[in-house]
Amino acid sequence: MRVGVLGGGQLGRMLALAGYPLGLTFRFLDPSPEACAGQVGELRVGSFQDPQALEGFAQGLDLVTYEFENVPVEAARFLAQRLPVYPPPKALEVAQDRLAEKTFMRGLGVPTPPFQPVDTLEELEEALEGVGLPALLKTRRGGYDGKGQALVRTPEEAREAFLALGGRGLLLEGFVPFDREVSLLGVRGREGEVAFYPLVENRHQGGILRLSLAPAPGLSPGLQAKAEGYLGRALEALGYVGVLAVEFFQVGEELLFNEMAPRVHNSGHWTIEGAETSQFENHLRALLGLPLGSTAPRGVSAMANLIGLKPDFARVLALPGAHLHWYGKAVRPGRKVGHITLRREGWEALEADLPRLLDLAEG
Ligand code: AMP
C-alpha cells in the first residue's frame, strides 16, 4: 500500500516511521524541497494549488491523508474525486476557520468561550458588548502557535488590534481564566469504531507548546468521560476517519472547546513510547480499515519540544527513560525541530526528573 501525505513536515515523517512496520510506503507533497519527511519517504515538491502537481502526486497512490491543516480544501476535494482521502475534507474545512469550528462544536452542545464574528468596526463594538472584556481578538484563518491574535483589555486596545489584524475576517472571544489547557486525541475507524487517548495537560510558552504531561496529572474519570463525549460527537458528525485532536480550557471540572486539528498532533507525540499504540500507527490503522490499537498509556510520560535549538544528544540520552526525536530540520528561532519524551512508571518518579527534562530541552 502506498500512502500519500499532503505536507512533508515532522508529522508526516513520524507517520512514515510508524507505517513501515505495517509494510506501507509513503509519498509526500510539499512546496519546500527541504521538507524533512523527504528524508524518510518520496518527496514531490509542488504547490497544493497546482492541479498538475496534485495529479502527478496521486498517480499510483492507494489513499491520501494530510499532516498539515492549512492544505487548501480544494486540493483535498480535487484528490477525493480520484481516490480515498481521509480524514474527510469537510473536517479540514471546519478546522481551518476558528469561527466555523467554534460554531460547529457549539452546535453539538459542546461548551465554548463566548465568541462573535468581527468584519467591521460596528461588529467589533457589538462583539465587545456581547462578549465583554478582557477578550482575545483572533484572525479566523491562518493563525497557529499563538500567531494572529491579541489580548485586549479595553475598547481602545480592541480597536488597535482590529486594525493590526487586518480589520476583517476576525473573531472576538472571551478571555477564559482557565486552570490549565488540556487536549484529547481520538481516532475513528472506517466502520465507525472509536478509541480515545487519556487527556493530556499542555503548557505553552509564547503560544508554542513546550511540555505535555500524559495522562494529565490528577485527571478524574468524569473529566475524561466528558471530553470523550464531546470529541465523540464531533467524530460522528464529521463521519471522521483517522486521528482528531481537540484542545480545551479546563476550569474546575468543566471543559471549554478551544480548537481542533484534523490530524495527528504535537500533544500526542508521547504516545510513541508512552502508549500501547502510537497516534501515528492508529491514524494509519484507521485509514486502512484495520483494527484500532489499544490507546492505554504505558506508565506516565512527559514530552518536551525542542524549539530553535539542537541539544547535546549524549546528555539527553544519558537520562534513563528519555527518548530523543530529532526531525532533521534546519534550526531556526521559534521552530520545532525535535522533542524528548521521558517515560516513568509513576508520577512521583516523573515529577522528580521534570526539571532535568526541561533543562535538557532548553539546551
Ligand atoms: P490558540 O491558537 O487559539 O490555541 O491560542 C493560543 C494560546 O492562547 C492558547 O493555547 C491559550 O494559552 C491562549 N488563549 C487562546 N484563546 C484564549 C481564551 N479565549 N482565553 C484565554 N486564553 C486563550
Side-chain angles (χ1 to χ4, degrees), residues 9 11 68-70 91-106 110-118 124 127-155 157-158 161-162 164-166 169-185 199-214 216-217 227 230-231 234 244-252 254-270 303-305 307 334-336 339:
L11 299 177
F68 171 63
E69 78 214 57
N70 287 320
L92 202 57
E93 187 172 28
V94 171
Q96 281 175 358
D97 182 330
R98 290 179 194 282
L99 178 64
E101 66 183 351
K102 290 212 164 72
T103 306
F104 170 72
M105 290 303 260
R106 190 158 73 178
V110 178
T112 68
F115 64 90
Q116 270 180 236
V118 173
L124 178 65
L128 285 168
E129 292 263 311
V131 170
L133 287 167
L136 282 108
L137 193 61
K138 300 183 175 183
T139 56
R140 282 174 57 177
R141 305 181 71 86
Y144 65 95
D145 286 348
K147 294 183 181 74
Q149 58 172 276
L151 175 66
V152 296
R153 293 176 205 82
T154 63
E157 278 183 8
F162 172 82
L165 292 171
L170 306 175
L171 182 73
L172 189 75
E173 191 179 297
F175 176 83
V176 179
F178 53 77
D179 298 328
R180 62 177 175 179
E181 294 184 73
V182 294
S183 59
L184 184 71
L185 270 64
L199 273 167
V200 173
E201 174 178 334
N202 299 312
R203 299 189 190 162
H204 298 84
Q205 242 172 50
I208 302 180
L209 181 66
R210 290 275 156 176
L211 181 71
S212 292
L213 301 174
Y230 294 160
L231 179 48
L244 178 64
V246 176
E247 296 181 54
F248 297 102
F249 300 128
Q250 183 181 350
V251 186
E254 295 305 321
L255 294 171
L256 299 180
F257 168 80
N258 178 31
E259 61 179 355
M260 67 165 95
R263 52 166 171 78
V264 288
H265 193 256
N266 194 171
S267 70
H269 291 359
W270 65 276
M303 187 280 323
N305 272 332
I307 299 166
R335 191 178 205 206
K336 292 175 185 167
H339 73 265

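Both counts, for ligands and for their atoms, begin at 1 and track the order of listing. We use all heavy atoms of the structure for the numbers below, so side chains are in, but hydrogens, waters and symmetry mates are not. Everything quoted here is computed from the prediction, not taken from an experiment.
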Novice: Output the list of atoms in ligand 1 that are nearer than 4.0 Å to some heavy atom of Phe249, sorted by atom number.
Specialist: 11 (C), 14 (N), 15 (C), 16 (N), 17 (C), 18 (C), 19 (N), 23 (C)
Novice: If the threshold is 4.0 Å, N to carboxylate O, is there a salt bridge linking Arg98 and Glu173?
Specialist: no
Novice: What heavy-atom pair brings Leu172 and Ala135 nearest, and what distance separates the two atoms?
Specialist: CD1-CB, 3.8 Å
Novice: Hey, which atoms in ligand 1 end up nearer than 4.0 Å to a heavy atom of Glu173?
Specialist: 16 (N), 17 (C), 18 (C), 19 (N)
Novice: Is it true that Gly174 lies under 4.0 Å from ligand 1, counting heavy atoms only?
Specialist: yes
Novice: Specify side chain, backbone, both or neither for Asn202, according to which of its non-hydrogen atoms lie closer than 4.0 Å to ligand 1.
Specialist: neither
Novice: Give the atoms of ligand 1, by number and element, whose distance to some non-hydrogen atom of Gln149 is under 4.0 Å.
Specialist: 1 (P), 2 (O), 3 (O), 5 (O), 6 (C), 8 (O), 15 (C)
Novice: Out of the candidates Leu255, Asn202, Val200, only one should pair with Val182 under the side-chain contact (heavy atoms from CB on, under 4.5 Å) rule; please name it.
Specialist: Leu255
Novice: Listed by chain and number, what are the side-chain contact (heavy atoms from CB on, under 4.5 Å) partners of Ala245, not counting sequence neighbours?
Specialist: Leu185, Ala261, His265
Novice: Test of understanding: with side-chain contact (heavy atoms from CB on, under 4.5 Å), list the residues that count as partners of Phe162, not counting sequence neighbours.
Specialist: Val118, Leu121, Leu124, Leu137, Leu170
Novice: If you look at every heavy atom in Ala158 and Val152, which pair is closest and at what distance?
Specialist: CA-CG1, 3.7 Å
Novice: Minimum distance, heavy atoms only, to atom 18 (C) of ligand 1: which one of Leu136, Leu171, Leu209, Leu151 is it?
Specialist: Leu136
Novice: Give yes if a backbone or side-chain nitrogen or oxygen of Glu247 is under 3.5 Å from a nitrogen or oxygen of ligand 1, and no if not.
Specialist: no
Novice: Taking only heavy atoms of Asn258 into account, list the atoms of ligand 1 that are under 4.0 Å away from them.
Specialist: 1 (P), 3 (O), 4 (O)
Novice: Would you sort out whether Glu181 and Phe248 count as a side chain to side chain contact (heavy atoms under 4.5 Å, CB included), showing the intermediate values?
Specialist: CA-CA 6 Å; Glu181 294 184 73; Phe248 297 102; over 6 Å; no
Novice: Report, in ascending order of atom number, the atoms of ligand 1 lying under 4.0 Å from any heavy atom of Lys138.
Specialist: 3 (O), 15 (C), 16 (N)
